[in-house]
Each structure stands twice: as C-alpha cells, then as structure tokens.
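Comments concern the structure below.
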Amino acid sequence: MKLWEGRFDAPTAHNADLFNDSLPFDCKLWAVDIAASIAHATMLGNCGIISEEESKLICEGLNGIASDIAEGKLEIEGAEDIHSFVENELVKRIGDAGKKLHTARSRNDQVATDFRLYARGAFDCLTDSLVWLVESLCDRAKAGLKLIMPGYTHLRKAQPMCAGHFFNAYSEMFLRDLERVRASRDRANVMPLGSGALAGTSYPIDRDITCELLEFDRPCENSLDGVSDRDFVAEFLFDCSLIMSHLSRLCEDIILYSTEEFGYFEIADAYSTGSSIMPQKKNPDIPELMRGKTGRVYGHLMGILTVIKAIPLAYNKDLQEDKEGFFDAEKTTINCVNIMAEMLPNITFKKERMARSAEAEFCCATDVADYLAKKGVPFRTAHAVTGKIVRECIKNGRTLQDMTAEEYKTFSDVFDGDITEVVKAKACADARTSFGGASTESVKRNLKSIKKRLKQYTD
Ligand code: ARG
C-alpha cells in the first residue's frame, strides 16, 4: 500500500514504481528507521499528542518488527521505501494505533534523520578501521627504525632516511583523516526530526526529547535546511575520497618498492596473485585494485556534489540519489582500509638491498655539500664543488663511498679524513636530527607522538 494513495484515481505504472522505489537500497536503513520511529512515538506519547497507550503499542510493534527482521523472519519487500515498509508492517500488526505514528512527521524529516543516524555509524566504523591501520603502520615503523632506505623526490633518489620515516608519513595522513572524520561526524550529529515536510509542525512536539533519545547533539534550527541538508553526505564522501587518495599513494609506493627494479619490499604470497600465462609472475593485485577503487569513491563524491548543486529548497526527490554512492563508498573505503591494515604485517623488508640502495646514485651528496658548508664554505659554493665531484665520479665510474679522503681533497682543501665516514647512508640519515627529520632519533620521537595522538580515538 502506498502511504499517499488517497489522492489518486489510478495506480502508478509498474515501471514508474521500479524507477521511483528506493527500497532495494534504503532497506539498509531499517534499524535506524525503527529507532527513530520509536523515539518519535515516545515523544508523541510524552507530549500527549497520542495517548501513552498508543505510544506503547507502537513501540512494542516496532520492536517486534526489528527483532523479526534481525532474526530473518521478516523479508523487507513490497513497499516504495523502507519508511513505507515499516509503517505498513506496523499497521498490519497493531491496526489503527499504527496509523498514528506518522503524526507530526513527514518522510522528509524522517529520511534525513534516519540517514544521519546511519552516517554516524559509518563514521564510527571508519574510525575503528583507521585506528587499526595506523596501529599497523606503527608496527612497521617500529621495525623500520633499524633500517635505512633512500627517500625520493621526483622518483629520483634524494637522501637516505631511517625506513620508519616512510611509514610514519602515512600515519600522519591517516591521523589527519581520523581528525577529519571526527569533525564531520560532529557536524552530522544534528537532528532534522521535527522539521516536518519543510515548515515544522503545528503539534506541540518536544524536539529535545527525540534529540536526547537518539543521542543527537541538538535539533536543527531551521526546518527548510533540516530536511534538505545533505552536507554530511558530501563530507563523508570527501573524507572517504581523501582516505582513498592516501591509501592509493601507499599502494603505489608498495607496488613500486616491491618491483624487481626497486626490490625493497616483498609482499607475502597470501596477498599476491599470479599470472595465467607467465609462470614467474607474482603480481601486486591487492594494492593495484585498491588504487583502482579510488576512482569509484571520487566518482561518488562528484555524484553527490552534482545532485545537491541546484536543488531548490527544500526536499526534492533528487535527494533520494544520496544513498547508493554513500553505501558503496562506505563499503569500499572501510574494506580497503581494513585490507591494508591486514596486509602491512605481511610485507617483508629486503634490508641489504634497501641499505645498499640508500648509498647508491649519490644519495649522500647533500651531506658532502653540508660537510663543506659546516666548515665555513658558503653553501652555494659547497653545492657547486660537490656537483663537480659527482660529475667526475660519473665520468670515472666511481662512487662517493669509494673515493679516498685524498681524492676529496683534490676538489677542496677543506676536506679532512672524516669525509669518508660522512658519506655512509646511515650517518647521513642519522645526521638529520631536526624535529620531524629522518634520523632514527627523530623518527622514534615521531612514532611516539603518533601513538599518543592515536590514543584519543581508542580510549
Ligand atoms: N525514499 C525517499 C528518499 O530516500 C524518502 C523520502 C520521500 N519523501 C517524499 N516526499 N517523497 O529520499
């Protein structure tokens, strides 16, 4: 039965129903829809808008529906949307009292309330997953404290660093995501219920009661905005998009570092796949797929931004398009965060290769220039002298490490015997003790701070 069929002479066309119905996807909202209806019915009873008895009957009926759905005894089908389904079912069970549930309420404030309740849960799940991921990154950073690897700019070797620095960098990104998710959740936690269709209601409702029952921070203060605001959906999708972008970067690094060419990481067999034709292949399908899934989450963000960009106040049916993208982004992002958290401990480091690579290709050249500059040579001159050394080395097939102190001295008499110690990758990394730098000490400090900041999401 349609909730609104009284005004119509003829039923809707079958295909119009198929096009219009949201039940196939908003069935996910059944639990929050029932919770919000129970709060609404309780408030109606408390305010004397319906009798206490009717209110009790409605709440019992709704609880019965909830447990039947949860136990798989009640199939969600045969209605336009989840709101109609629950109401129809209630009337089937308790008769006329059920028909009073929708007093002082519209599906417009109902769906906006349900979706915010649902979104709250999604923000919380996302938080839990992100916490797990950062914990996983912290473990890898701890293991990386003992290792040296090259850092890159322009994907060209730049300077040696303690390998923990790499993982901490990603922890910083996901900590920002945690902060963003929390702020978005806070902003979403405002209650539209009581806004009615668009203009509030003439019944003596008490929105503070429903607000408290549903644990919202406050009722929204403008009913027009209340029923049509989907900023929280856009924010959720933006948060997911940025999380996916961070994951995608991490995936890209993992894919690169596990190539034959880099050879720093090895992804365990359990998280790798093979080729149907090339027997030697071990492919990084998991991080590749994750990188690819970033696209659909960005797409959903673009989708909601486009849906909301020109809707006139207040509710318009366009807004029904707010859900599928949200659900898909929620599932995709949480799944990707979880699988990354699970895969990280299954990546082994090829320590020698990393350390060797951190010294190769003149990775320590900045430290040669700094050596001279610290002894009074203007940095720009020191840079030029070191550039010349690099050029000569390339010409003669030498490295900064196999040059003797005497040979260094031919480029500048400022060089002393200790220059050969300066060009060791570990020494170069550990010299960068500045706050936030790549020395083992700085990385340890960073790791400690990351763990401390993470705690606020677990306590
Ligand atoms: N299924 C609708 C949605 O998801 C529920 C609200 C319908 N309201 C209305 N006035 N048609 O947006």
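Quick note: numbers below take in every heavy atom, side chains included, and nothing from hydrogens, waters or symmetry partners. When a ligand or atom number is given, it counts from 1 through the structure's own listing order.
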What I'd like to find out is whether the side chain of N283 reaches to under 4.5 Å of the side chain of S272, using heavy atoms alone.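 Not in contact.
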
Residues lining ligand 1 [heavy-atom distance under 4.0 Å, listed by chain and residue number]: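 S22, D26, D81, H83, R107, N108, V111, Y315, Q320, K323.
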
Parallel, tilted or perpendicular: which one describes the rings of [X] and [Y], with boundaries at 30° and 60°?
{"X": "F236", "Y": "F326", "answer": "parallel"}
{"X": "F115", "Y": "Y118", "answer": "tilted"}
{"X": "F166", "Y": "F265", "answer": "perpendicular"}

Q) If you measure only the distance, is there a donor-acceptor pair under 3.5 Å linking the side chains of R105 and H102? A)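 Looking only at side-chain atoms, H102 and R105 do form a donor-acceptor pair, the distance falling under 3.5 Å.
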
Indicate whether any N or O donor in one side chain lies under 3.5 Å from an N or O acceptor in the other, for S442 and S439.
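S442 vs S439: donor-acceptor pair found between side chains.
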
